[in-house]
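Contents: one structure, followed by commentary.
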Amino acid sequence: MSTRNMLNGAQVIVDYLIQQKVPNVFGLCGHGNIQFIDALYERKHDIKTISVHHESVAGFMADVYYRVSGQPTATFTSCGPGSANLPISLGNAFLDSVPFMAVTGNVPTSQFNRGAFQELYRHYQADFPSTVRSYCKKVFQPTRGEMVPLAVRQAWKTMVTGRPGPVVLDVPFDVFLESAAEEAPKPAEWSANISSRCGADPEGVVKAVDMLLGAERPVMIVGQGVRYGGASADLLRLAERLQIPVAASASGLGAIDTNHPLALGLVARGGHYQANHATRQADVLLALGVRFDDRTSSSWIPGYSFTIPPTRLIHVDIDPEEIGRNYPVALGLMADVRTFLRQVLAELDRRADLNKRADARQKWLQAIDGYRKEWDKFVAPGFSDDSTPINPQRAALEIDKALPEDAILVSDIGVHHNWLLSFCKPKRPDSLIGSMGFGPMGFGVAGVLGAKFAAPDRPCVSVCGDGAFFMHASVLGTAVEYNLPVVWVVWNNYAYASIRGLQRGYLKGRELATDFHNPLTGERYNPDFAAMARSCGVEGVRVDRAGDLAEAIRKGIAANRPYLIDVDIAADINPGGAGVWELPGLGQSKPAIGTRYQPD
């Protein structure tokens, strides 16, 4: 192969990313990827390189960048421990169906199976692909320069088609350097013209409409497939046209404005009473892009979140593996949810019988209004609690009050996430971003940086636990280096409080390794997070009173610079709801409101 005017493997990858309109790549250097970084240097006016201080941070940034912008990006990591730090981010993106391309360096092919520095070789040569195969859609490992063009275009196509998800392009050091092609593949000739927005079987659409029109107590439940599939507007049109209430899984909140009269809120173990009590009584349940995981489904125990059967389930998902996984279906349809909703709306245009159950529907909505009033009465005391440390329900309210309508709130994993899901009211699909599949701590701490890169003109706020923030405090440096005016609200309860709650609830209070204390005094211990922030060049303040929290957040947003608010939150209160959760062998929680529904 002639090397005249040839691009090497690294240059092909970089050029392909630029053609795919990737604006940023996030990563960390190592000896295994310096040639890839050099190719980025050559094109630094076409693509921006963001250097972080831990590889998982790069993955979380790429993840949330997509959730906000809809544009997949890429990460770069080196061989051995560098790329071994990435699977936590890959797993999160994989289970939440978020695409990004992880370009991982590996040892030179001439050193395969020789035990070179940082080679995983004891089971198979250069065996990083085996490490991450369970954490992504597919791994590609070109071992010659000429294989790179095929690998990069196939990896991108795999990433964005069907059910989206991350892919890994694992490139040996010498393959970055080898001549690969005279030009990179052209997306316009390959992936750009592929649509995965498949519709449902037309007969299935007719049957679905028949079931919805014939129902007296219909409910729709939506998941992440609606939010990130661009289906929110069509969902709202269908809901309003047929007056069908809409509940959401934790991943679906915000698909329609939670203040809309037809929005029921959260269905979950800690779900809102009107949401859980409606979905478990529904005669027809239309599920759109929902996995029916254990938290949404109250550990699949009938009568708390769902009662399937006798509820007849219409389950629509782009991934047929999810249909019928956890509940029997009256009708299962593999389809893109936006395309399906438009098919339903078109079928309704041809119908003359849209109001045949109008009286029953009105009665159903009136009953739901009654459930909503019961929930509002149940939760009202927590909104006015002025105690110190701050009542977590009050904290969630103050955070929600402080955020402008266009703000992006990125939640980390922990007990605070449950409070935010219960008491924040997202108005749009990207108002509240969280992780409910893999659930890694650090997602919100680092992901807020990706949100700000994706939406530089919108306020971006992370609410993160003290445990998660301490794990990933290196983000402070990254925010300063790239002048990212994000706000971290550190939910400081001096404990891994969600797990301590399980010890108290299921293990009779036998607590160990779940809270933080000074060994000499026994007093609560954590670093001074505000001082830590200031030492990094980030503005840091402490809030101890509920009445000061909203104003502190407003000031943080207005400062237009990296800003941290360390908030003293009570750790002994857990959010209650209408569902339950079971830890097999340890027992089952009890609903905080309502009882188990028993169908007639």
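What you see is a predicted model, and the numbers here were worked out from it, not measured in a lab. Computed over heavy atoms, backbone and side chain alike; hydrogens, waters and symmetry mates excluded.
No hydrogens or angles considered: nothing links the side chains of Ser56 and Asn85 as a donor-acceptor pair under 3.5 Å. A donor-acceptor pair shorter than 3.5 Å cannot be found between the side chains of Asn492 and Asp568. At a cut-off of 3.5 Å, with distance as the only test, no side-chain donor of Ser249 or Thr296 sits close to an acceptor on the other residue. Defined by atom type and a distance below 3.5 Å, a donor-acceptor pair is present between the side-chain atoms of Arg163 and Ser97. For the residue pair Gln503 and Thr514, a side-chain donor N or O sits within less than 3.5 Å of a side-chain acceptor on the partner.
A salt bridge links Asp572 with Arg500: the distance from a Lys NZ or Arg NE/NH1/NH2 to an Asp or Glu carboxylate oxygen falls below 4.0 Å. Ion pairing between Arg394 and Asp386 holds under the 4.0 Å rule for side-chain N and carboxylate O.
Closest approach of Val463 to His416, counting heavy atoms only: O-NE2, 3.2 Å. Residue Val22 comes nearest to Pro72 through the heavy atom pair CG2-O, 3.6 Å, listed as atom of the first residue, atom of the second, then distance. When all heavy atoms are compared, the tightest approach of Met101 to Leu17 is SD-CD2, 4.2 Å. For the residue pair Leu235 and Ala255, the shortest heavy atom distance occurs at CD2-CB, 4.1 Å. Of all heavy-atom pairs spanning Glu322 and His315, the tightest one is O-CE1, 3.2 Å.
Applying the side chain to side chain contact (heavy atoms under 4.5 Å, CB included) test between Phe529 and each of Ile565, Asp466, Val541 identifies Asp466 as the sole match. Considering Leu409, Asp63, Val68 as possible partners of Ile433, the one that fulfils the side chain to side chain contact (heavy atoms under 4.5 Å, CB included) test is Val68. The residue from Phe470, Tyr494, Tyr496 that alone fulfils the ring-ring contact (aromatic ring centres under 6.0 Å, His included) condition with Phe516 is Tyr496.
Here the two rings, on His517 and Tyr525, have centers that are 6.0 Å apart or farther.
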**OP:** Using the side-chain contact (heavy atoms from CB on, under 4.5 Å) rule, take Leu476 and Met532 through it: C-alpha gap first, then chi angles, then the decisive distance, then the call.
**Re:** CA-CA 9 Å; Leu476 295 170; Met532 181 188 295; 4.2 Å; yes
**OP:** In sequence, state the C-alpha distance, the side-chain angles, and the governing distance for Arg504 and Glu511, and then conclude on salt bridge (Lys or Arg N to Asp or Glu O under 4.0 Å).
**Re:** CA-CA 7 Å; Arg504 292 178 174 181; Glu511 299 175 27; 2.7 Å; yes
**OP:** Check the pair Trp488 / Val445 against side-chain contact (heavy atoms from CB on, under 4.5 Å), numbers first and verdict last.
**Re:** CA-CA 7 Å; Trp488 288 279; Val445 180; 4.1 Å; yes
**OP:** Please report the C-alpha distance between Val219 and Leu286 in whole Å, then the side-chain angles of each, then the deciding distance to 0.1 Å, and finally whether the side-chain contact (heavy atoms from CB on, under 4.5 Å) criterion is met.
**Re:** CA-CA 6 Å; Val219 177; Leu286 172 57; over 6 Å; no
Original post:
Taking it one step at a time, do Arg428 and Asp257 satisfy side-chain contact (heavy atoms from CB on, under 4.5 Å)?
Top reply: CA-CA 6 Å; Arg428 46 199 280 181; Asp257 186 340; over 6 Å; no
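Within 6.0 Å of OH on Tyr228 lie more than 12 heavy atoms contributed by other residues, nucleotides or ligands. Atom NZ of Lys401 has more than 12 neighbouring heavy atoms from other residues, nucleotides or ligands inside a 6.0 Å radius. Within a 6.0 Å sphere centred on CG of Leu586, heavy atoms belonging to other residues, nucleotides or ligands number more than 12.
At least one side-chain heavy atom of Ile221 sits less than 4.5 Å from a side-chain heavy atom of Phe306.
By the 30° and 60° cut-offs, the orientation of the rings of Trp375 relative to His272 is tilted.
Under the 3.5 Å distance criterion, the side-chain polar atoms of Asp385 are matched with a main-chain donor or acceptor of Ser387. Between the side chain of Thr258 and the backbone N or O of Pro426, at least one donor-acceptor pair lies under 3.5 Å. Side chain of Asp294 to backbone of Ser299: no donor-acceptor contact under 3.5 angstrom is found.
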